[in-house]
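Inspection log for the structure reproduced underneath, given as structure tokens.
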Amino acid sequence: MLGTRPLKYPMTLGHMRPLRAGLLALVLLSCRDRGGRGEDSAQSLPPVFSSGPASSTNWDIDAGPVMLVSLGGSTDSAAVILPEITDSTIASVEGNAAPVTGLVFDLFGRGGKIDGSTTVTPIQVPDARQECDAWPLVRVRAASSGWRVGFAGAHVQAIKLDSIEAMTSTDSAALAVSLAETAATLVNASDPAFRGLPFRVRSAYTFRLDSIDVVIADVVRSVNEEANPRIEHLLMIGEKRGGSIGKYNTGYYSRTAGAEETTQASEVLAAVRVGSSRKPAVVVNIEYDDGRVLGLIERVAPGQWRSRWRSAFTDC
């Protein structure tokens, strides 16, 4: 699952300040413990390690040496995510050129692979930007727009996601009801103010893995008090036999809850198969009011998903 600060909807990288407040999940994660960011989660992102080898971040080396994340909008620039960097070492990348020499990238979105064999060029970062924690930047020579994440060529394969918004009204309504019912059985809210309140589906995506149907959803419920509006997010991943009518069995979920302006929210950026073993994974953007982290959630067994990796926190 993710953390504790929701954003204003809709949440897209294109509406974010460049790397500042403002993309993964498939997925539910939890973020770094900063200030008032509390969480109550069955599973959460791996802890932050203050030092140690690159493997301490739990990055899947089969996914390649780095990951790109689009800055969105009309810009052709992207952040270069260095998987071995942690919260305590992010300052070490300030002012450094992105380590992308000789690399070409495949670019992905929720609709699958957008572009391939894409080259990038490091961007010189202004001194003013070095006052906050941020990733190195590159300019992307992509033939197509709309991509969200990039991986070094041949390391991952695309999985196409189908949005609940593109379904027929009958199918979307049935999925929304099923997800809300499942959410009601999962949550153990620490705040009694949420008890008994209805859930609504903020976002949901489905895809097929061989003979299995998978859903990734962000389900929310709100306390609409003028003086203290609060929101609860459940990020869930579920599976069921392909084509069956029954409910999805939850393989992963995480919960965040708190003040509406400060509760962490998540956005699914893409789903991919990683490495020669073709492990399914979801890339999630975890958004706070003052920054973000990225996460990778992998399928570890039939019906079981876990948060494999989380990036360092960046705030610009």
Side-chain angles (χ1 to χ4, degrees), residues 2-3 13 16-25 29-35 37 44-71 77-103 105 120-140 148-152 155-156 264 266-267 269-270 272 274 281-288 290-298 306-316:
L2 313 203
L13 288 181
M16 301 172 191
R17 295 167 289 170
L19 278 184
R20 173 96 193 164
L23 86 311
L24 104 130
L29 329 173
S30 140
C31 286
R32 104 181 188 175
D33 180 12
R34 277 170 67 105
R37 294 180 188 137
S44 61
L45 286 174
V48 176
F49 292 86
S50 59
S51 62
S55 60
S56 67
T57 65
N58 290 333
W59 173 253
D60 189 337
I61 60 174
D62 290 338
V66 299
M67 182 174 71
L68 301 182
V69 175
S70 172
L71 298 188
S77 57
V80 179
I81 312 303
L82 308 177
E84 74 278 8
I85 294 297
T86 66
D87 288 354
S88 61
T89 60
I90 182 66
S92 66
V93 306
E94 290 182 3
N96 292 345
V100 293
T101 302
L103 295 179
F105 292 87
V120 301
T121 304
I123 297 176
Q124 183 62 45
V125 177
D127 291 341
R129 185 171 175 269
Q130 298 179 21
E131 297 178 359
C132 53
D133 293 328
W135 299 110
L137 300 181
V138 292
R139 195 165 308 285
V140 181
R148 312 304 296 279
V149 298
F151 292 88
H155 281 88
V156 308
Q264 155 193 321
S266 62
E267 179 189 19
L269 302 183
V272 295
V274 178
V282 179
V283 184
V284 181
N285 179 57
I286 306 159
E287 199 69 41
Y288 296 106
D290 57 351
R292 65 174 176 174
V293 303
L294 284 302
L296 191 68
I297 304 170
E298 284 190 350
R306 72 177 177 89
S307 55
R308 170 69 184 253
W309 164 87
R310 56 139 287 178
S311 75
F313 180 92
T314 55
D315 56 8
C316 69

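Residues V149 and A270 approach most closely at CG2-CB, 3.8 Å, considering heavy atoms. Heavy-atom minimum distance, A78 versus S70: CB-CA, 4.2 Å. When all heavy atoms of A312 and V293 are compared, the closest pair comes out as O-CG1, 3.7 Å. Between A63 and V156 the shortest heavy-atom distance is CA-CG1, 4.3 Å. Across E94 and C132, no two heavy atoms sit closer than the pair OE2-O, 3.7 Å. A pairwise comparison of heavy atoms in A98 and P122 identifies O-CG, 4.0 Å as the closest pair.
Using a 4.5 Å cut-off on side-chain heavy atoms (C-beta onward), E84 and I61 make no contact. With contacts defined as side-chain heavy-atom distances shorter than 4.5 Å, the pair R308/V274 does not qualify. Two residues are said to be in side-chain contact when any heavy atoms from C-beta on lie closer than 4.5 Å; D290 and F313 meet this criterion. In this structure, the side chains of I286 and L294 stay at 4.5 Å or more apart for every pair of heavy atoms. Side-chain atoms of L103 and P65, non-hydrogen and from C-beta on, do get closer than 4.5 Å to each other.
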Going through the checks in order, is the side chain to side chain contact (heavy atoms under 4.5 Å, CB included) test met by V100 and F105?
CA-CA 10 Å; V100 293; F105 292 87; 4.2 Å; yes
Trace of the side chain to side chain contact (heavy atoms under 4.5 Å, CB included) decision for V283 with M67:
CA-CA 10 Å; V283 184; M67 182 174 71; 4.1 Å; yes
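Not counting sequence neighbours, the partners of S92 by the side-chain contact (heavy atoms from CB on, under 4.5 Å) test are I85, T89. In this view, I123 and S77, L137, R139 satisfy the side-chain contact (heavy atoms from CB on, under 4.5 Å) rule, not counting sequence neighbours. D62 is linked by a side-chain hydrogen bond (donor to acceptor under 3.5 Å, both in side chains) to K279, counting only residues two or more places apart in sequence or in another chain.
Screening L82, I81, L296 against W59 for a side-chain contact (heavy atoms from CB on, under 4.5 Å) leaves a single residue, L296.
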